[in-house]
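Note sheet for the following structure.
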Amino acid sequence: MDQRRIKRDAVADMGLDPYGGRYAHVVSTQDVRSTGASLDLAPGDKSDASVRVAGRIMLLRVMGKLAFFRLHDGEGHIQIGLSRADLGDDQWLLVKKLLLGDIIGVEGIIGKTRTDELTVWARQVTVLSKALRAPPEKWHGLSDVDLRYRRRYVDLFANPQVRDVFRLRSSMIHAVRQYLVGECYVEVETPVLQPMYGGAAARPFTTHHNTLDMDLFLRISPELYLKRLLVGGMDRVFEISRNFRNEGISTKHNPEFTMVELYEAYADYHVMMERVEGMVAAAFAASTKTALPMQVARLEDELRRLQEEKGEAAAQEFAEEHHLEAYREARDAIKQGRLMGVYNGVALDFTPPWPRLKYADLLQTHAGVSITDRAAVHAKAKALGIDPANKADAVIINDLFEATVERHLIQPTFVYDYPAAICPLTRRDPNDALIALRFEAFAATMELGNAYSELNDPDIQRENLLHKITGEGDETMAVMDEDFVMALEYGMPPAGGLGVGIDRLVMLLTDSPSIRDVILFPLQRPQASGGS
RNA sequence: GAGGAUGUAGCUCAGUAGGUAGAGCAACGGCCUUUUAAGCCGUGGGUCCUGGGUUCGAGUCCCAGCAUCCUCACCA
């Protein structure tokens with residue numbers, strides 16, 4: 001590190017600011033590539049097209065009086081050629097003070113090397129930020145998972161695929177927002193700090209407001225506030241909402257996560273199924289539809305290279321490791337206009353309409369019991385090691401469902417009509433009080449979304465919130481919220497409501513195995529000894 | 001919360017049987033005007049996760065702890 005400080009100070013001694021300043025008229029490395037392509041250069045040619053680029057030096061080769069850098073910016077990278085003869089002695093002295101990881105600006109002309117690599121031949125080099133820490137090794141990059149999350153900024157500039165994931169995440173959220181706005185929804189923001197939590201079954205985080213001397217909860221869901229807006233006459237609302245649940249961490253759970261939650265007056269849960277399909281289609285069009293074919297093209301390039309250099313066996317291994325077969329299937333399906341992605345080696349077809357399957361029918365198929373046959377349900381649960389003691393029947397049924405059915409829900413599927421007792425905020429089937437008009441959307445065995453025909457009868461709502469269902473954790477119980485019930489007493493239109501997990505949607509559409517791969521800064525314990 | 005795995009140089013990793021701590025990349029010095037993980041010669045760089053213990057001697061064996069990952073549990 002000291003060596004780097006010495007070079008930084010040497011730059012300052014040359015009268016230059018090692019931390020730069022404004023550097024105007026920069027074009028991206030991608031722009032340089034498209035300009036370069038249009039110039040139609042032969043190997044060894046130099047054009048007279050002058051450009052300014054800026055970025056981080058990620059590869060550096062100096063040989064005597066000639067040097068090549070690879071400069072990375074937000075969109076890609078480009079090779080910089082630096083020759084002492086072109087730059088002059090002062091600039092060359094500066095070049096020798098540059099290290100991997102430094103951020104520089106380069107003004108130069110577009111050309112090609114003898115080996116046909118597009119290159120910006122530098123005329124003027126400007127230091128924009130000297131790095132005091134070296135970037136990770138150029139070949140393996142940063143692969144230590146712990147470090148990748150703790151120093152996500154390094155992960156992002158060292159591993160371009162990581163940046164791609166978060167770029168796609170941004171595009172997907174934008175597309176979801178556009179879809180909903182196009183359906184006349186209004187985007188709203190409701191409290192994160194809530195005096196009372198509700199809208200989901202989860203343990204909350206607690207906090208405290210000093211001046212009011214009042215305990216508050218971080219929201220586990222925006223549901224009860226969004227429904228108040230329905231009462232207020234905002235007929236179609238949505239919120240892209242960060243929720244906080246004080247529970248276990250896993251590859252599918254982060255304590256804070258993002259959901260899009262929406263409510264539509266005069267609709268029901270069938271309409272919400274269409275909304276799921278619509279949002280996923282929009283997100284797909286903004287990401288996988290173009291990203292996946294490009295990914296396949298890259299994989300096939302790599303495959304050909306391996307075949308030539310290392311033989312068929314190595315190529316075969318590579319193809320299997322990267323699930324190339326599923327990717328090709330998805331690429332071909334996309335060409336046919338289908339919404340197909342790949343997750344964990346399996347091609348998933350998101351093309352609407354998704355299959356709609358009844359909860360009770362799935363239980364019959366996979367657990368082999370009828371949902372109405374209490375004895376059979378209990379027997380099956382016991383056989384699977386689920387202890388039915390102190391649990392309401394609906395909870396046992398749900399445990400059974402999770403143990404037997406969920407792992408079969410690979411292709412995108414709507415499961416609908418849940419046991420009413422585990423759905424305190426859901427309207428009952430008018431023909432069967434034990435059934436709640438609710439569905440969950442599944443894909444790759446993950447719960448992607450959850451929706452209801454919303455309960456708007458205030459008296460039933462009050463009763464549901466007061467009624468304790470046994471078998472679920474005490475703290476995750478629905479909490480009585482009198483203000484919310486009072487809102488319903490003013491009259492809430494019948495409505496469909498829906499929540500879709502954005503993080504999981506991004507996982508599915510980017511083939512990311514862990515939720516931490518799609519959250520920029522997932523929660524980690526602080527490390528005892530920090531830094532260098 | 002339970003089980004398993006991992007923790008060694010800035011990064012990626014070796015470390016044999018318990019006997020002075022290693023490689024590649026990065027960095028420093030030298031040579032080098034077309035490199036593609038550039039090359040060659042040389043140099044510097046370590047709290048072997050932490051704390052105990054066994055031993056003449058511990059990166060290595062034992063105990064405890066910490067962090068991360070995976071599986072399970074919890075969690076719609």
Side-chain angles (χ1 to χ4, degrees), chain A residues 1-7 43-44 46 57-70 77 79-87 92 96 99-101 111-119 121 131-151 154 158 199-203 220-221 245-255 257 359 385 394-395 398-399 401-402 406 415 418-419 422-426 436 438-442 446-452 472-473 475-476 499 501 513-514 516 522 524-532:
Chain A
M1 179 122 68
D2 273 342
Q3 306 275 24
R4 285 183 169 258
R5 284 208 155 78
I6 290 166
K7 288 210 167 176
K46 287 182 187 173
I57 303 171
M58 291 300 286
L59 212 55
L60 174 151
R61 303 182 189 99
V62 186
M63 50 207 96
K65 303 181 185 67
L66 181 73
F68 292 101
F69 294 173
R70 183 191 278 175
H77 57 84
Q79 175 161 277
I80 307 295
L82 307 107
S83 124
R84 181 173 180 168
D86 288 347
L87 284 170
W92 189 252
K96 303 231 298 203
L99 289 172
L100 277 182
K112 276 193 169 176
T113 61
R114 285 176 204 163
T115 49
D116 203 29
E117 171 133 5
L118 191 66
T119 299
W121 289 99
L132 295 181
R133 289 176 188 261
E137 196 231 0
K138 60 189 170 194
W139 189 240
H140 300 91
L142 187 70
S143 58
D144 182 296
V145 180
D146 188 23
L147 271 186
R148 282 189 48 219
Y149 298 146
R150 285 187 199 283
R151 303 191 192 163
V154 178
R203 287 159 65 193
I220 58 173
S221 143
R245 298 186 183 175
N246 206 340
E247 283 159 357
I249 296 175
S250 79
T251 47
K252 296 177 179 60
H253 301 264
N254 194 60
F257 65 101
Y359 188 95
V395 174
N398 204 44
D399 287 349
F401 184 89
E402 286 174 12
E406 285 193 357
V415 177
Y418 275 66
I422 57 169
C423 313
L425 300 163
T426 311
R438 166 188 180 179
F439 73 80
E440 290 196 1
F442 284 89
M446 255 194 304
E447 183 203 336
L448 179 64
N450 184 19
Y452 322 135
E472 296 204 335
E475 288 179 272
T476 66
S514 168
R516 296 180 206 97
Q524 302 226 270
R525 284 178 199 263
Q527 232 172 10
S529 58
S532 61

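Worth knowing before you read on, the calculation uses all heavy atoms, side chains too, and leaves out hydrogens, waters and symmetry mates. So that the names make sense, note that chain A is the first sequence line, chain B the second, and so on, each numbered from 1.
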[atom1] atoms of [N] and [M], separation to the nearest Å:
{"N": "G3(B)", "M": "U8(B)", "atom1": "C1'", "result": "26 Å"}
{"N": "U47(B)", "M": "A9(B)", "atom1": "C1'", "result": "13 Å"}
{"N": "U54(B)", "M": "G15(B)", "atom1": "C1'", "result": "22 Å"}
{"N": "G24(B)", "M": "C40(B)", "atom1": "C1'", "result": "16 Å"}

Rounded to the nearest Å, what distance is computed from the [atom1] atom of residue [X] to the [atom2] atom of nucleotide [N]?
{"X": "Leu60(A)", "N": "A37(B)", "atom1": "CG", "atom2": "P", "value": "15 Å"}
{"X": "Ile6(A)", "N": "G44(B)", "atom1": "CD1", "atom2": "C1'", "value": "12 Å"}
{"X": "Leu142(A)", "N": "A26(B)", "atom1": "CG", "atom2": "P", "value": "17 Å"}
{"X": "Arg151(A)", "N": "U68(B)", "atom1": "CZ", "atom2": "C1'", "value": "14 Å"}
{"X": "Leu99(A)", "N": "C11(B)", "atom1": "CG", "atom2": "C1'", "value": "15 Å"}
{"X": "Leu147(A)", "N": "U6(B)", "atom1": "CG", "atom2": "P", "value": "18 Å"}
{"X": "Lys96(A)", "N": "C31(B)", "atom1": "NZ", "atom2": "C1'", "value": "11 Å"}
{"X": "Leu118(A)", "N": "U35(B)", "atom1": "CG", "atom2": "C1'", "value": "15 Å"}

With a 4.0 Å limit, can you tell me whether [X] has a side-chain N or O closer than that to the phosphate oxygens OP1/OP2 of [N]?
{"X": "Lys252(A)", "N": "C75(B)", "result": "no"}
{"X": "Arg133(A)", "N": "G10(B)", "result": "no"}
{"X": "Lys7(A)", "N": "C28(B)", "result": "yes"}
{"X": "Ser143(A)", "N": "U12(B)", "result": "yes"}
{"X": "Arg525(A)", "N": "U68(B)", "result": "yes"}

Roughly how far apart are Phe442(A) CZ and Glu406(A) CD, rounded to 0.5 Å?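 Rounded to the nearest 0.5 Å, the CZ-CD separation comes out at 4.0 Å.
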Would you tabulate the nitrogen or oxygen pairs shorter than 3.5 Å linking the protein to nucleotides 69-72 of chain B?
residue	atom	partner	partner atom	Å
C69(B)	OP1	Arg516(A)	NE	3.2
C70(B)	OP2	Arg516(A)	NH1	3.2

Across the strands shown, which category fits Phe401(A) at heavy-atom distances under 4.0 angstrom: base, sugar-phosphate, nothing? nothing
Mapping Leu59(A) and Lys46(A) onto RNA chain B by nearest heavy atom, which one lands closer to the 5' end? Lys46(A)
How do Thr113(A) and Gly199(A) order along RNA chain B: which one's closest nucleotide is nearer the 5' end?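 Of the two residues, Thr113(A) wins.
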Scan every strand shown for a Watson-Crick or G-U wobble partner of G39(B), both distances under 3.5 Å, and answer none if you come up empty.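 Partner of G39(B): C31(B).
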Using only heavy-atom distances, decide whether a donor-acceptor pair under 3.5 angstrom links the side-chain of His140(A) to the base of C11(B). no
Indicate yes or no: does Arg148(A) engage Asp144(A) in a salt bridge with an N to O separation below 4.0 Å. no
Within 45° of the six-membered ring axis of Tyr418(A) and under 6.0 Å from that ring's centre, is NZ or CZ of Arg438(A) located there?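 Yes; both conditions hold, so Arg438(A) lies above the ring face of Tyr418(A).
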With a 4.5 Å limit on heavy-atom distance, are the side chains of Glu440(A) and Tyr359(A) in contact?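 Not touching, per the 4.5 Å side-chain cut-off.
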